[in-house]
Amino acid sequence: MPHTLPYGSWPSPISAADIAGGSPRIDGARFVGADAEIWWSESVPAERGRTAVRRRRGEDDDVVLPAPWSARSRVHEYGGGAWTTTDDGELLFVEGSDQRVHRLTPGGEPVPLTPAARGMAFGDLTFAEGPSGALLFAVRETQGDSRVPARDIVTIPLDGSAADDPSAIVSVVAGSDFLAAPAPRGDRLAWIAWQHPDMPWDAAELRVGRLGADGTIAEHVVLAGGHTPAGPVAALQPEWTSDDELVFSADPPAPHGTGRWNLHRVRLDGLQATPPEPILADDADTGGPLWNLGARWFAPLEDGRIVAVRTHGSDELVVVDPESGAAEPLETPLSGGVLVRDARGPRVLLSGAGRLVPSGLWLLDADARTLSAVRGGVPPVDPSWLPGSRALTFQGPEGDVHAFAYPPTNPDVSAPEDELPPYLVLVHGGPTAHVSGELSLAVAYFTSRGIGVLDVNYGGSTGYGRAYRERLLGRWGIVDVADTATAARGLAAAGLADPSRIAIKGGSAGGWTVLCAVADTDAFAAGISRYGVADLRRLAADTHDFEARYIDGLVGPLPQAEPLYVSRSPLSRPETLRTPLLILQGSEDPVVPPSQSEALRDALAMNGVPHAYLLFEGESHGFRGAETLVRAFEAELAFLGGVLGFDTPGVPALPLD
């Protein structure tokens with residue numbers, strides 16, 4: 001029989017250490033060699049967040065890339081595509097510490113393929129057999145005297161000759177601010193390109209060019225995307241299905257499209273192409289924001305079918321017949337953060353989570369309709385401790401506001417009948433990102449203790465189409481704040497949460513929304529900011545090139561919009577900061593430097609507002625180390641207990657200044 005305790009103070013078997021060592025963070029996966037071994041990469045929090053590459057051989061796993069090596073790219077700051085393999089099972093990877101590309105025969109020592117100390121970074125590694133032999137394509141970023149790096153798509157010789165001679169790296173194509181997704185086929189290369197001030201989800205072009213005898217592209221054509229007469233179009237993920245057909249995702253507006261990322265194809269004769277033809281016109285997205293290189297939302301199968309992710313709020317998997325346009329749903333437990341990593345025959349590697357299963361790497365057989373976990377995917381505690389999410393929609397000043405609610409869940413404890421639970425409202429980063437209501441130990445850490453969680457997809461989020469995403473344009477710090485406050489108040493109005501004990505938490509751009517929300521609304525009793533933006537002018541001056549013009553669209557271009565940058569930034573009006581705050585910051589963060597969090601701390605101290613500031617040495621933008629994760633989650637729980645008025649047994653108290 002459950003016993004009665006106040007919300008927030010329930011004992012739980014889920015610790016912060018379980019979060020740090022729980023579901024693996026899968027960064028990539030592929031089938032390797034004639035035996036189709038499964039290789040994947042994952043972050044190892046216990047080893048300071050390094051990215052290891054592992055493989056499944058029969059029933060056993062072993063490490064391909066051991067410590068201290070780490071497969072991590074820094075291109076576009078967020079990296080991605082940091083490793084691939086040759087056809088015969090050699091690993092090609094970007095070493096995180098120096099960004100050099102290496103080649104590794106399993107069991108041997110890595111051999112460098114690119115030069116040291118040349119200011120180069122590489123990502124989106126793609127191995128291909130070309131007309132003149134094997135080639136390794138990559139997106140290269142070269143830092144010179146300018147703050148803005150140069151970028152090109154290159155080929156890197158596999159014989160190691162470029163390790164001492166950078167001229168051996170061939171620059172295949174350049175001339176764009178940003179490039180992604182090199183897709184070689186024979187003597188042609190397809191890729192994605194975009195220019196400042198666009199982000200890749202605003203307007204990005206699908207291009208194709210012919211490789212000359214010298215390995216470079218002298219001429220290319222734009223097949224889709226970019227700034228069209230009907231409006232901007234963001235093309236994603238070119239995939240060759242034959243020598244003369246490319247499949248990709250794009251979101252053209254009406255009357256030529258749905259404004260959602262849908263599958264399209266073009267047929268080519270040389271560089272002459274047919275107009276893009278929609279394969280499936282759908283009120284859902286097969287695609288998402290290209291924060292990380294190498295992201296894939298679909299994969300062609302050998303028989304011509306396509307396995308794809310279909311997103312509207314939550315994710316589902318479908319098998320698409322390109323000839324009929326029919327999409328057959330696949331019944332799987334996966335519903336959030338699903339990416340298609342690789343395909344071989346009818347077998348498909350997927351990463352993602354579901355409403356009732358944690359994140360993992362999964363093997364799908366599209367013919368047998370079976371799904372099995374390769375890594376992760378198994379709840380670390382009894383499912384009775386884990387909350388299932390519920391999709392909610394609230395009516396806000398701009399229209400619908402979508403969110404997922406996780407109620408307090410504990411099989412051993414109930415709360416007093418006259419008490420409503422405290423809630424923690426989560427706002428994702430980006431701000432162009434998305435949550436899908438998937439199972440998360442980070443959520444269960446709070447819900448198992450009697451703290452409800454509401455995860456909000458405010459206006460600007462992906463997963464609901466371009467119109468919902470563009471609701472935030474020019475109004476960052478307004479729409480996101482209003483939508484999040486609407487969701488919090490709607491939760492309280494429905495009798496699901498104590499209106500006096502609702503807190504808000506977010507990181508990066510989500511941290512910005514936290515700070516604006518506590519400054520500009522009375523909906524929240526406390527705030528938690530992880531490396532949050534506090535001053536837009538400082539962000540514009542300090543941040544890296546990938547996001548250097550992002551705020552042009554979210555607020556306005558400088559210098560014309562400087563008054564808006566000032567008026568919306570919480571640090572410009574410190575007198576509005578009156579809500580208790582916990583500030584968590586990495587010392588090596590290039591996106592939001594510690595100076596912003598320290599200025600925020602000083603403003604709170606000047607106002608006499610209870611607060612705590614924790615600086616984590618060696619951490620960047622997004623915490624990876626196990627010790628950091630444990631300390632951060634325990635501090636968050638202790639902070640909520642101290643401010644919202646409940647005990648937090650087993651967690652050290654957090655002194656507030």
Side-chain angles (χ1 to χ4, degrees), residues 27-44 47 50-57 61-75 79-142 152-172 181-184 189 211 215 293-294 341-342 344 349:
D27 287 335
R30 60 184 294 114
F31 295 106
V32 179
D35 295 333
E37 291 180 354
I38 297 173
W39 292 27
W40 71 93
S41 58
E42 63 177 80
S43 179
V44 187
E47 298 175 9
R50 85 171 183 96
T51 301
V53 178
R54 303 182 62 87
R55 64 181 172 181
R56 169 70 55 86
R57 310 183 78 184
D61 297 351
D62 67 347
V63 176
V64 178
L65 186 65
W69 301 92
S70 180
R72 190 176 180 193
S73 167
R74 293 286 189 184
V75 173
W83 66 277
T84 187
T85 66
T86 64
D87 290 341
D88 57 359
E90 290 194 304
L91 177 69
L92 308 169
F93 72 97
V94 180
E95 162 55 31
S97 62
D98 59 12
Q99 294 299 288
R100 297 180 78 184
V101 178
H102 291 72
R103 181 174 184 164
L104 171 67
T105 301
E109 287 294 320
V111 176
L113 300 182
T114 57
R118 295 281 181 172
M120 296 181 191
F122 299 88
D124 235 343
L125 302 190
T126 304
F127 175 82
E129 292 284 356
S132 57
L135 292 171
L136 177 62
F137 289 84
V139 174
R140 176 174 65 175
E141 197 170 75
T142 305
D152 54 357
I153 293 175
V154 301
T155 52
I156 301 168
L158 297 178
D159 60 6
S161 57
D164 298 312
D165 179 13
S167 67
I169 300 174
V170 175
S171 179
V172 177
L189 178 73
L211 296 167
L293 297 172
R341 298 296 187 173
D342 198 10
R344 179 83 66 92
L349 289 173

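The basis for the numbers below is simple: all heavy atoms, side chains too, and nothing from hydrogens, waters or symmetry mates. Keep in mind it's a predicted model, so treat the numbers as computed, not measured.
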Practice item. Evaluate the criterion side chain to side chain contact (heavy atoms under 4.5 Å, CB included) for residue pair Phe137 and Asp124; output intermediate values, then yes/no. Key: CA-CA 8 Å; Phe137 289 84; Asp124 235 343; over 6 Å; no
Practice item. Please lay out, stage by stage, how Leu92 and Ile156 fare under the test side chain to side chain contact (heavy atoms under 4.5 Å, CB included). Key: CA-CA 11 Å; Leu92 308 169; Ile156 301 168; over 6 Å; no
Exercise for review: Determine, step by step, whether Phe122 and Ile169 satisfy the side chain to side chain contact (heavy atoms under 4.5 Å, CB included) criterion, reporting the C-alpha distance in whole Å, the side-chain angles of both residues, the deciding distance to 0.1 Å, and the verdict.
Suggested key: CA-CA 12 Å; Phe122 299 88; Ile169 300 174; 4.1 Å; yes
Exercise for review: Could you go through the side chain to side chain contact (heavy atoms under 4.5 Å, CB included) check for Asp87 and Glu129 one step at a time?
Suggested key: CA-CA 9 Å; Asp87 290 341; Glu129 292 284 356; 3.7 Å; yes
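Applying the side-chain contact (heavy atoms from CB on, under 4.5 Å) test to Pro66 and every residue at least two apart in sequence or in another chain returns Val63. Applying the salt bridge (charged side-chain N to carboxylate O under 4.0 Å, His left out) criterion to Arg344, with sequence neighbours excluded, gives no partner residue. Scanning for side-chain hydrogen bond (donor to acceptor under 3.5 Å, both in side chains) contacts around Asp342 gives an empty result, with sequence neighbours left out. With sequence neighbours left out, the side-chain hydrogen bond (donor to acceptor under 3.5 Å, both in side chains) criterion links Asp62 to Arg55.
Using a 3.5 Å distance cut-off with no hydrogens or angles, the side chains of Arg30 and Thr85 do pair a donor with an acceptor.
Checked for salt-bridge contact, Glu37 and Arg56 miss the test: no charged N lies under 4.0 Å from a carboxylate O.
Here the closest non-hydrogen pair linking Pro115 and Pro166 is CG-CB, 3.9 Å. Pro110 and Leu104 make their closest contact through N-CD1, 3.6 Å (heavy atoms, listed as atom of the first residue, atom of the second, distance). Closest approach of Gln99 to Met120, counting heavy atoms only: CB-O, 3.5 Å. What you find for Val32 and Gly89 is that their closest heavy atoms are CG1-CA, 3.7 Å. Considering all non-hydrogen atoms of both residues, Thr126 and Pro182 come closest at OG1-O, 3.5 Å.
Remark: side-chain polar atoms of Thr155 are not paired, donor with acceptor, to backbone N or O of Leu135 under 3.5 angstrom. Between the side chain of Ser73 and the backbone N or O of Val75 there is at least one donor-acceptor pair closer than 3.5 Å. The closest donor-acceptor contact from the side chain of Thr114 to the backbone of Val101 lies under 3.5 Å.
Identified under the salt bridge (Lys or Arg N to Asp or Glu O under 4.0 Å) test for residues 92-112, with sequence neighbours left out: Glu90-Arg103. Annotation: salt bridge (Lys or Arg N to Asp or Glu O under 4.0 Å) contacts involving residues 156-172, sequence neighbours excluded, are absent.
Counting only heavy atoms from C-beta outward, the side chains of Leu136 and Leu125 approach each other to under 4.5 Å. Side-chain contact between Trp39 and Thr84 is absent, with no heavy-atom pair separated by less than 4.5 Å. Using a 4.5 Å cut-off on side-chain heavy atoms (C-beta onward), Ser43 and Arg72 make no contact. The closest side-chain heavy-atom distance from Val172 to Leu189 is below 4.5 Å. No side-chain heavy atom of Trp83 sits under 4.5 Å from any side-chain heavy atom of Leu65.
Under the 30°/60° scheme for interplanar angles, the aromatic rings of Phe93 and Trp69 are found to stand perpendicular.
Taking CG of Asp152 as the reference point, atom OG1 of Thr142 lies at 6.0 Å (rounded to 0.5 Å).
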